[in-house]
Amino acid sequence: MEVLVFENKESGSLYAAQVIANKVLMNNSVNEETVLGLATGSTPTDMYKALIEINKSGVSFSRIITYNLDEYYPMKKSSPHSYHYYMYDHFFQHVDIHEENIFIPNGENKNEDLSKFCEEYELSIRRNGGIDIQVLGLGLNGHIGFNEPGFSMDSLTQKVTLSDTTRTAAVKYFGKKEEVPFQAISMGISTILSADHIMMMAWGNEKAEIVKESIEGQLSKDVPGTYLQTHKNVTIILDAESASKLDNDRISLIESKLS
Ligand code: PGA
């Protein structure tokens, strides 16, 4: 596991965007698609800003295929609370990605169609050759995607029930807790761990404890972030605050690499 600590969210996000851009450039040069697993929430916002600039500067995203980690359920795509809305607002509408290459779990599915939808989501990822780079945030309770504490390592894309911690954290977006959905559709842990390369980002003091538990703690279903320890190619991208509780011997300091 590679743990990189940056001065702040902006420089860490720029690094993450550059890793993605390098992969896209390499694949573009041999006319191949780049398959990205994408995250929402407050963590990747600056990464999307940096990717938009990279796209404007001439790196084409016309051959990227994207799979989002999750979506609330039930949720209308047009709702400003949906992750569909978030992705178009923060990223897709600003770049040259093709509409048909965008995959996001559909919160408008009827309940009885969900398991078929989830199966198809998994198959679609596989048909496109698997995810090259999976971007992740880390929940305050250690969830990755919406895989909450207690989820097993072999879970696939499915409908999930959100924990109280997760619903409380979402109040800042929904205004009232009663408005936060109780369920979501999420890629599974196994889906996430199938990616070739995982980049997990976390910022700020409030993530310091769960970052430490995820990276240095015992592998445990109580902290899904610890499952990342089992993957052979993980980059953890932190700012000074989120890294503040880590054992210093384990981290590379790249404070001014990008300036
Ligand atoms: P955040 O959420 O980016 O809004 O902090 C991270 C997560 O819940 O995975």
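Order of appearance sets the numbers: ligands from 1, and atoms from 1 within every ligand. Please read these numbers as outputs of a predicted model, since none were measured by experiment.
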Interatomic distance, OG1@T230 vs CD1@I189, rounded to 0.5 Å, equals 9.5 Å
Exercise. Is the number of heavy atoms from other residues, nucleotides or ligands within 6.0 Å of OH (Y85) greater than 12?
Worked result: no
Exercise. Establish, yes or no, whether a centroid distance under 6.0 Å links the rings of Y121 and Y67.
Key: yes
Those residues with a heavy-atom separation under 4.0 Å from ligand 1 are G41, S42, T43, G137, L138, G139, H143, Y173, K207
Should K159 and N111 be marked as a side chain to side chain contact (heavy atoms under 4.5 Å, CB included) after you check the CA-CA gap, both sets of side-chain angles, and the distance that decides it?
CA-CA 9 Å; K159 182 170 77 172; N111 203 27; 2.9 Å; yes
Inset, instruction - Run the numbers on K221 and Y227 for side chain to side chain contact (heavy atoms under 4.5 Å, CB included), then give the verdict. - result: CA-CA 8 Å; K221 65 177 170 31; Y227 290 138; 3.0 Å; yes
Interatomic distance, CE@M199 vs CD1@I236, rounded to 0.5 Å, equals 11.0 Å
